[in-house]
Student: 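Sharing a structure with you now.
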Amino acid sequence: MAIESTVPSNALITSDIVLFGLIAATLGLIFWLASGPTPFWKKFFAWVPALLLCYFVPAFYNTVGLIDGENSALYNPVASRVLLPAALVLLTLSIDLKGILRLGPKLLFVFVAGTFGIVLGAVVSFQLMEWIWPAAVAGDTWKGMAALAGSWIGGGANMVAMREVYEVDATLFGQFAVVDVAMASALMATLLFLANRSAQIDARSGADTRAIDEMKARMAAYEAANARIPTLSDLMVIIGVAFGLVGLAHAIAAPLAAWFGANVASASQLSLDSAFVWVVLLATAAGLGLSFTPVRRLESAGASKIGTVFLYFLIACIGMQMDFTKLFDRLELIAIGVIWMTVHVLVIWGAARLVRAPMFYVGVGSMGNVGAAASAPVIAAAFHPTLAPVGVLLGTVGYATGTVVAYFTGQLLRLMAGQ
């Protein structure tokens, strides 16, 4: 694996080692500033998500000619083929399916309805725009929508996985990243507003809130019993599990893809002849399998946090391939996002009213899909601090299901696009 780019470039920085240091330092600076060292930065990051800067600052480097992200080996194979599957392993091994089932059928029903709303929203928005603004969904737009479905069903890792599976152009991916952040931020602001008025909303709708009180007590006890300071052994085991499974996934994926390509007629249409698709699926399946074993305890030592570090580095590497000047060439994609999110909200709200679910279920069920484990705890904590782990649980379920559901959503969109 080469660590120096062999492609001639006019960029100021051509060494991948130097580029690695620049990206790492940039991410470190962004997150330090996001921690709010001064009142100015607290206000700044209240409006500008750190995720967006992790994408756009490297894009700025690429646009002004400081780096040449497109010809760097830092993204492929380092970030996309190694860090992405490692992140999927670490973000899914912490799932407590039994614990989620104990949260009650209404919460799961609302959450699943939210997932269905995302899938339905993709289909509805594509079809409506094809009728009223055909140019908006022409060409490879469906690929960007498949990536966005990955984010809104799971999270950033799922979005990046779909980007790789469907080979989404870096600029198109960046345009949909804007849609992602804009719509998700608007949804979060709305849910935070409603959280402060949840008691009045629940009283007016006649929602049953008894299960919420039980969850508060149970989750507070679970958090107190499992928190610990990670040791060096914990961290080494986390790294060993993640990269060991990544290596195993790559070893299995190549012959598996070759077999499907040679023996299954529709393999190419379903991308099952792609080794990378199998790497993503195998990494996710491995993480899910580990969630039923004692390895799941690594979550209390910070497994998902390390996975998130990999994820943010990956996002920065994707950003450094984008030409920032082309980012706003297609503002019509925002219209797709508005229609899409509206369908999701209507579906999840209708499902909650159907089973008389409280507003908390709507908030955490919606953000568990759209924001995953990064944002769902924020919404959950807005209702009560002890409920934050509920958002983590639902968000990690989104990580586990997002890749698969988004993949088939992409297949639906591909058929609608006639490709």
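This one's a predicted model, so the numbers in the text were calculated from it and none came from an experiment.
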Student: Below 30° counts as parallel, above 60° as perpendicular, anything between as tilted: where do the rings of Y312 and F31 land?
Tutor: perpendicular
Student: Measure the OG1-CD distance between T141 and E332 for me, rounded to the nearest 0.5 Å.
Tutor: 7.5 Å
Student: Once you round to the nearest 0.5 Å, how far does OG1 of T26 lie from CZ of F60?
Tutor: 11.5 Å
Student: Under 3.5 Å, is there a donor-acceptor pair between the side chain of S291 and the main chain of L288?
Tutor: yes
Student: Any sub-3.5 Å donor-acceptor pair from T115's side-chain atoms to N369's backbone N or O?
Tutor: no
Student: If you take all heavy atoms of A161 and L84, which pair is closest and at what distance?
Tutor: CA-CD2, 3.8 Å
Student: Strictly distance-based, threshold 3.5 Å: is any side-chain N or O of W340 a donor or acceptor partner for the main-chain N or O of I118?
Tutor: yes
Student: Identify the heavy atoms of R296 and L93 that sit nearest to each other, and give their distance.
Tutor: CG-O, 3.4 Å
Student: Just wondering, more than 12 heavy atoms not from E167 lying within 6.0 Å of its CD?
Tutor: no
Student: Once ring-ring contact (aromatic ring centres under 6.0 Å, His included) is applied, do any residues pair with F109, and if so which ones, sequence neighbours excluded?
Tutor: none
Student: If only atom types and distance count, is the side chain of S151 paired as donor or acceptor with the main-chain N or O of L148 below 3.5 Å?
Tutor: no
Student: Are the side chain of R163 and the backbone of A147 linked by a donor-acceptor contact shorter than 3.5 Å?
Tutor: no
Student: Do any pairs count as a salt bridge (charged side-chain N to carboxylate O under 4.0 Å, His left out) and have a residue in residues 233-249, sequence neighbours left out, and if so which ones?
Tutor: R228-D234
Student: Looking at H344 and G114, what are the two nearest heavy atoms and their distance?
Tutor: ND1-O, 3.1 Å
Student: Classify the angle between the aromatic ring planes of W142 and Y166 as parallel (below 30°), tilted (30 to 60°) or perpendicular (above 60°).
Tutor: perpendicular
Student: Locate the shortest heavy-atom distance separating T92 from T284; write the atom from each residue and the value.
Tutor: OG1-O, 3.8 Å
Student: If only atom types and distance count, is the side chain of D169 paired as donor or acceptor with the main-chain N or O of L172 below 3.5 Å?
Tutor: yes
Student: Please answer whether the main-chain N or O of G363 pairs with a side-chain N or O of S366 as donor and acceptor at a distance below 3.5 Å.
Tutor: no
Student: What pair of heavy atoms forms the shortest contact from A406 to A146, and how long is it?
Tutor: CB-O, 4.0 Å
Student: In Å and rounded to the nearest 0.5 Å, what is the CD to CE distance from Q411 to M416?
Tutor: 13.5 Å
Student: Contact between L91 and S304 at the side-chain level, heavy atoms closer than 4.5 Å - yes or no?
Tutor: yes
Student: Could you walk me through whether V264 and W259 pass side chain to side chain contact (heavy atoms under 4.5 Å, CB included), step by step?
Tutor: CA-CA 8 Å; V264 179; W259 184 90; 4.1 Å; yes
Student: For F45 and W41, take the angle between the two ring planes, folded into 0 to 90°, and tell me which bin it lands in: parallel under 30, tilted 30 to 60, perpendicular over 60.
Tutor: tilted
Student: If we ignore hydrogens and angles and just use 3.5 Å, is the side chain of K106 paired with the main-chain N or O of V355 as donor and acceptor?
Tutor: yes
Student: Roughly how far apart are F126 CZ and L415 CG, rounded to 0.5 Å?
Tutor: 10.5 Å
Student: Specify the closest pair of heavy atoms between P85 and S80, including all atoms of both residues, with the distance to one decimal.
Tutor: CD-O, 3.5 Å
Student: Is R197 close enough and on-axis enough to F193, meaning under 6.0 Å and within 45°, for cation-pi?
Tutor: yes
